[in-house]
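Below is one structure. I have some questions about it.
Each chain gets a letter, A, B and so on, in the order its sequence line appears, and its residues count up from 1.
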Protein chains: 2
Amino acid sequence: MADVKSGPNPLFLREEDLRQGIELLFYAYRDFTAEPDAMLAKIGLGRAHHRVVYFVGRYPSITVTELLGILQITKQSLSRVLGDLVEQGYVAQRTGTKDRRQRLLTLTEKGLELERHLSDAQRARIAQAYRNAGAAAVEGFRTVMLGIIDQEDRARFQPAIPKR
Amino acid sequence: MADVKSGPNPLFLREEDLRQGIELLFYAYRDFTAEPDAMLAKIGLGRAHHRVVYFVGRYPSITVTELLGILQITKQSLSRVLGDLVEQGYVAQRTGTKDRRQRLLTLTEKGLELERHLSDAQRARIAQAYRNAGAAAVEGFRTVMLGIIDQEDRARFQPAIPKR
DNA sequence: GAAATAAGTCAACATGGCTGACGTAAAATC
DNA sequence: GATTTTACGTCAGCCATGTTGACTTATTTC
C-alpha cells in the first residue's frame, strides 16, 4: 500500500511532501511549455524546435555535439529539427576554424526574433513568479532545482570563475 | 538583439536570472523523468502510462474526466494508454454508484507496485534535493513553483480546508 | 421527452523520440 | 605516413504519444 499518511521521518520529509514535489514539477512544466507550444503550432514547428532555438541562442557558435549533450537525444532526432530550422532560415551553420569538422550553429536575425518571441511568455511567467515570491524564495528555488539536476550539469549554473 | 547583459531592472530581475529559471526547469525536468522512463521502457510502457498510474494512485476512484483535466490531453490519447493499463491489470475500473456513467479508476495491487517502483526514483531525487537544501529553501521552491503553475491548479496544493 | 454529459470507438495524421547501417572529411595517434 | 578516432550527416524504418473529426451508447439533468 502507498504509505500516504505516514508520520514525519527523522529527516523531516513526509511521503506527502515528496508527492507534492513530484506534482509541482509536473504541473509547472506542463504550464510552462503550453504557451510556446501554442505559438509554435501556428508556424508549423514543435517543442523540439524551440529547444534547439533556445540553446543555440544561449550558446552562440555551439557545436552539434555540445547541443546533443544538452538535449540528450540522438543525432538523428536532432538532425530532423535542426534541418528544418536551417532550411527555414532560423539557424545558420558555419565550419569551425579551429576544428574544421565542426559545424558551429548560430541564430539568424529571424531566429533571434523567434527565440525572443517564444521565450517571452516563459520569461514573463518566471518573472511573475519570482516577483511574487521574493528574493529569498528565489534563492531557495534555485538551490532545490540544482539539487534535482544531475551533478554533471550543475556546473552550467555556477557563476563564471573569476580570473585572478 | 537579446538583452543578455542588461543591468538590474527596478524589480531586481535581470535577463540572465530569467534565462537561468528557464534552464533550471528544462534540466530538472529532463533528469527527473529519465529514470522512470528507462524503467518503463523495459516493460514496454512509456511516460504517458506513468502519468496515468501516478494520478490514479494519487486520487483513487478518480473519473476519466477528472484525469483528463489534470493531464490536459484528449480522451483519445488517454484512452490508448488507459486501455493498455487496464488490459495489463495495472488499473481497475468500476462503475460510479452516484453517477453510473462514470468509470472510477483505481490501481490494482500490481498497479500500486508499479507506481511505487517508478516514483521511488523520483521521490529519492526530491528527498535528496530537499535534504541538502534545507527547510527554508524548500519553502521558497514551493512558493516559486506555485507561482509558475496556472492559477486554476494552485488550489490542488493548498492544505485541506480544516472543518470548523 | 429533450438536451446535456460521461465515456468509448474508429480512422487518419503529425511530432519527436529510437535503432541500425553506412559514408565522408578532418583530426589525432601510433 | 598509415591507421584510428571523431564530428557530422544520411537513409530507412519503427514506436510512443499527441492531434482532429465523426459517431455511438448509456445515463443524468432540465
Can you tell me which nucleotide in dT20(D), dA7(C), dG17(C) comes closest to the side chain of Thr63(B)? dA7(C)
Here the distance between atom C1' of dT17(D) and atom CZ of Arg47(A), to the nearest Å, is 11 Å
Bend of the helix from dG1(C)-dC30(D) to dC30(C)-dG1(D) from end-axis comparison, five pairs per end, nearest 10°, comes to 30°
What's the closest nucleotide to the side chain of Ile73(B) if the choices are dG18(D), dT17(D), dC18(C)? dG18(D)
Between dG18(D) and Gln72(B), counting only base atoms on the nucleotide and side-chain atoms on the residue, is there a donor-acceptor pair under 3.5 Å? no
Any side-chain heavy-atom pair of Leu82(B) and Leu105(B) under 4.5 Å: yes
Lys75(B) NZ to dT25(D) C1', straight-line distance once rounded to whole Å: 11 Å
Are any of Thr74(B)'s side-chain N or O atoms less than 4.0 Å away from OP1 or OP2 of dG18(D)? no
Do the side chain of Asp150(B) and the main chain of Asp31(A) share a donor and acceptor less than 3.5 angstrom apart? no
Fit a plane to each ring of Phe141(A) and Phe141(B), take the angle between them on a 0 to 90° scale, and name the class: parallel (under 30°), tilted (30 to 60°) or perpendicular (over 60°). parallel
Examine Tyr54(B) together with Phe26(A) and report whether their ring centres are nearer than 6.0 Å. no
Which heavy atom of Glu35(A) sits nearest to which heavy atom of Ala121(A), and what is that distance? CB-CB, 3.9 Å
May I ask you to verify if any side-chain N or O of His49(A) is less than 4.0 angstrom from the OP1 or OP2 atom of dT15(C)? no
Spacing between Glu66(B) atom CD and dA7(C) atom C1', to the nearest angstrom: 13 Å
Least distance between heavy atoms, Val81(B) atom then Ala48(B) atom: CG1-CB, 3.7 Å
Taking all atoms of both residues into account, what is the closest heavy-atom pair of Ile148(A) and Arg125(B), and its distance? O-NH1, 2.6 Å
Rounded to the nearest angstrom, tell me the gap between atom CD1 in Ile43(B) and atom P in dC15(D). 18 Å
Atom CG of Leu40(A) and atom P of dA14(C): how far apart are they, to the nearest Å? 18 Å
Within this structure, what is the CG-to-C1' distance between Leu45(B) and dA16(D), rounded to whole angstrom? 11 Å
Should the heavy atoms of other residues, nucleotides or ligands under 6.0 Å from CD of Glu113(A) be counted, would the total exceed 12? no
Give the rounded distance in Å between these two atoms: CG of Asp37(A) and C1' of dA14(C). 14 Å
Would you name the heavy atoms of Arg103(B) and Gln93(B) that are closest together and state the gap between them? NH1-OE1, 3.8 Å
d(CG, Leu68(A); C1', dG9(D)) in whole Å: 12 Å
Side-chain atoms of Thr65(A) come closest, of dA7(D), dG9(D), dC18(C), to dA7(D)
Near DNA chain C, counting only heavy atoms under 4.0 Å, which residues of residues 78-106 of chain B show up? Gln93(B), Arg101(B), Gln102(B), Arg103(B)
Which listed nucleotide (dA21(C), dG16(C), dT17(D)) is nearest to the side chain of Gln76(A)? dA21(C)
Taking Thr108(A) for its side chain and Gly111(A) for its backbone only, find out whether a donor-acceptor pair lies under 3.5 Å. yes
